[in-house]
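Quick note on labels: first sequence line is chain A, next is B, and so on, each numbered from 1.
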Number of protein chains: 2
Amino acid sequence: MVEAATRLIERLARVLQNDAHKHGLKPAQWEALRYLAAANRFSRSPGALTAWLGVTKGTVSQTLQALERKGLIEKRPAPGDRRGVRLDLTEAGDRLLADDPMGDLDAAVAGLPREAREALGASLEAVLKAMLARRGGRPFGACRSCMHFRPNHDRGAPHLCNLLNEPLSVEDGERICVEQEAAA
Amino acid sequence: MVEAATRLIERLARVLQNDAHKHGLKPAQWEALRYLAAANRFSRSPGALTAWLGVTKGTVSQTLQALERKGLIEKRPAPGDRRGVRLDLTEAGDRLLADDPMGDLDAAVAGLPREAREALGASLEAVLKAMLARRGGRPFGACRSCMHFRPNHDRGAPHLCNLLNEPLSVEDGERICVEQEAAA
DNA sequence: TCATTTGGTATCGAGTCGATACTTTACGCC
DNA sequence: GGCGTAAAGTATCGACTCGATACCAAATGA
C-alpha cells in the first residue's frame, strides 16, 4: 500500500503544474523566474539554475532564451569569468512575479493554523532532504545558514562569505545560494 | 514573504518531476499509469483521466497513444457507450508500475514518525482541497467515501453504486472514482 | 427528427527535456 | 609558458507535453 500523504503530494504537484501556465509562461519558466528573484548574485547563472532545476544545461539554455525573448530577464557577462553569464530579472520580470501562480498555494498554506503550518514545514523538509540525499542533489539553502557565512564581519560590509571571500549585505544573507553547505 | 512550506512543496514537486523519467517514460505517462492502476472500472476512460490530470483531452489522447505504443495499456470499446474507450493496464504495464519512481517519495514519507505522517496527510489534504475548490476541480476520492456508495447491499454483490446502479466488489470500494462526491 | 451535448481523435505551434556535439575560457601541472 | 583537461554555455535532434482549434461519431433530449 501507498501512504496517503504520498498520493496527496503527487496530486498537489500536478495541480500546481496545471496552474503554472498563467500569462503564457510555462511551469519551467515560472520556476526559473522565481529562482532568479530569490538567488544571490553568485547564484544567478545558467549553471546554478541548472543545478536548482535538476535538468541538463541544454534545457536551461533554451528556457533562458525563451525568457529573454519575452523580455523578462537580461543576460550580461559575468564579472571575473568571461565564459560565464550573469542573469537578472528585468522590470517586466519583476512585475510579472507579483502574479506568480504559486501565490495560490501560498494562500492555501497560510490558511492553516500556525502549528500545522510549522509541522508541515518540518515534515516536508525531512522528506525533501531524504529525496535529495538519495540522488546527491545540492540543498541550496539560504546564505545565512551556510558554513561559509561569517556574520557581523564589519569590514565595510555587514557579513562575509568565507568561501568566495566576498562581502555580503544583510539582504544577501537571506538569499538562496548554490554554494550553501549546512553549518555544523 | 512566502511561507517556508510553500517553497518546500515547490521544490519537492520539481524533484519529483525529475525522478519521473525512469524507464524512458515521461512524468505524465507515469501519472496516467498510476491513475489507471488505482481507478475503478467506471473511471478508466480518457475522459476521467482528463479530469484527473487537469489537462485538455487532446493532450490525454496523445499520452495514451504513447502508452499504447509502448504496450503498457490496452484500449477496448466501453460497454454501453459506443463512443467511449475503456482503458486497462497490460501485464507489462502492471510490472512496470512495480518500479514506480514515486516509490522513493513513499519511502521518504514512510520514514517519518507516525504522528508526523498523519499530520502531514491532514495538512496536505486541507491545502489540496483549498486549491481544488479555487479552480472547481473534482475531488476524485475513494468510491467507499462517496455519497452514492451503498454498503452491504447484499444483492449478489457486496456493495452498490446508487448513482450508476452498478454492483461493487469489496475491492471496488477502495478504488478511485470520477463520480465520487463526498458523503454528507 | 434534428439540434445539442458528449467522448474521442487529428493537427499545429511553442516549449520541455535528455543526449550529443561543439566552442570558448579557465585552471592545474609540468 | 605551454598543454591537457575541466567547466560554462550554446546548438541541434528527437520524443513528448500541452493548449487551442477543428473535427467526427454516438448519445441525448426537446
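Taking 4.5 Å as the limit, some side-chain heavy atom of A:His159 sits within range of a side-chain heavy atom of A:Asn152. The shortest side-chain heavy-atom distance between A:Arg82 and A:Pro77 does not fall under the 4.5 Å cut-off. Using a 4.5 Å heavy-atom cutoff, the side chains of A:Leu49 and A:Thr63 are not in contact. Contact of the A:Leu64 side chain with the A:Val85 side chain is not registered, since no non-hydrogen atoms from C-beta on lie closer than 4.5 Å.
As rounded to whole Å, 7 Å separates atom P of C:dG18 from atom CG of B:Asn18. Following rounding to the nearest Å, B:Glu68 (CD) and C:dG8 (P) show an atom-to-atom distance of 13 Å. Computed from coordinates, the B:Asp19 CG to C:dG18 C1' distance equals 15 Å when rounded to whole Å. If you measure from atom CG of A:Leu49 to atom P of C:dT16, you get 11 Å, rounded to the nearest angstrom. For B:Trp30 and D:dA15, the CH2 to P distance is 20 Å, given to the nearest whole Å. The interatomic distance linking B:His21 (NE2) with D:dA15 (P) rounds to 16 Å, in whole Å. Here C:dA14 presents its P atom at 13 Å from CD of A:Gln29, a figure rounded to the nearest Å. The interatomic distance linking A:Leu67 (CG) with C:dA14 (P) rounds to 16 Å, in whole Å.
Projected onto DNA chain C by closest heavy-atom contact, B:Ser45 and B:Thr59 fall at different nucleotides, the more 5' of which corresponds to B:Ser45. Comparing A:Ala28 and B:Lys57 by the nucleotide of DNA chain C that holds the closest heavy atom to each, the one mapping nearer the 5' end is B:Lys57. Each of A:Gly58 and B:Ala66 was matched to the nucleotide of DNA chain D holding its nearest heavy atom; the match closer to the 5' end belongs to A:Gly58.
Close to D:dC18, at under 4.0 Å from its OP1 or OP2, lies a side-chain N or O of A:Arg14. Residue B:Thr56 places no side-chain N or O under 4.0 Å from the OP1 or OP2 atom of D:dA20. The phosphate of D:dC16 (OP1 or OP2) has no side-chain N or O of B:Gln65 nearer than 4.0 angstrom. Taking only side-chain nitrogens and oxygens, A:Gln17 never comes nearer than 4.0 Å to OP1 or OP2 of D:dT17.
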Donor-acceptor contacts under 3.5 Å from residues 27-46 of chain B side chains, at least two apart:
residue: B:Gln29; atom: OE1; partner: B:Lys26; partner atom: N; Å: 3.2
residue: B:Trp30; atom: NE1; partner: B:Lys22; partner atom: O; Å: 3.4
residue: B:Glu31; atom: OE1; partner: A:Arg14; partner atom: NE; Å: 3.3
residue: B:Glu31; atom: OE2; partner: A:Arg14; partner atom: NE; Å: 3.3
residue: B:Glu31; atom: OE2; partner: A:Arg14; partner atom: NH2; Å: 2.7
residue: B:Arg34; atom: NE; partner: A:Glu10; partner atom: OE2; Å: 2.9
residue: B:Arg34; atom: NH1; partner: B:Asp100; partner atom: OD1; Å: 2.6
residue: B:Arg34; atom: NH1; partner: B:Asp100; partner atom: OD2; Å: 3.0
residue: B:Tyr35; atom: OH; partner: B:Ser43; partner atom: O; Å: 2.7
residue: B:Asn40; atom: OD1; partner: B:Phe42; partner atom: N; Å: 3.1
residue: B:Asn40; atom: OD1; partner: B:Ser43; partner atom: N; Å: 3.1
residue: B:Asn40; atom: OD1; partner: B:Ser43; partner atom: OG; Å: 2.8
residue: B:Arg41; atom: NH1; partner: B:Asp172; partner atom: OD2; Å: 2.9
residue: B:Arg41; atom: NH2; partner: B:Pro167; partner atom: O; Å: 2.8
residue: B:Ser43; atom: OG; partner: B:Val178; partner atom: N; Å: 2.9
residue: B:Arg44; atom: NE; partner: B:Leu87; partner atom: O; Å: 3.3
residue: B:Arg44; atom: NE; partner: B:Asp88; partner atom: OD1; Å: 3.1
residue: B:Arg44; atom: NH1; partner: B:Ala39; partner atom: O; Å: 3.0
residue: B:Arg44; atom: NH2; partner: B:Asp88; partner atom: OD1; Å: 3.2
residue: B:Ser45; atom: OG; partner: B:Ala48; partner atom: N; Å: 3.2

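Across all strands, A:Thr50 comes closer than 4.0 Å to no nucleic acid atom at all (heavy-atom distances). Among the atoms of the strands shown, none is found under 4.0 Å from any heavy atom of A:Glu31. The residue A:Gln62 sits close to a base: some heavy atom pair falls under 4.0 Å.
When the side chains of ILVMFWY residues are joined at heavy-atom separations under 4.5 Å, either directly or via intervening members, A:Val15 and B:Met102 end up in a single hydrophobic cluster.
Here the closest heavy-atom approach between residue A:Leu12 and residue B:Leu124 is recorded as CD2-CD2, 4.0 Å.
Of the residues in residues 69-105 of chain B, those with a non-hydrogen atom less than 4.0 angstrom from any atom of DNA chain D are B:Arg69, B:Lys70, B:Asp81, B:Arg82, B:Arg83.
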>> Would A:Leu105 and A:Asp19 count as a side chain to side chain contact (heavy atoms under 4.5 Å, CB included) here? Give the steps.
In response: CA-CA 10 Å; A:Leu105 173 63; A:Asp19 280 342; over 6 Å; no

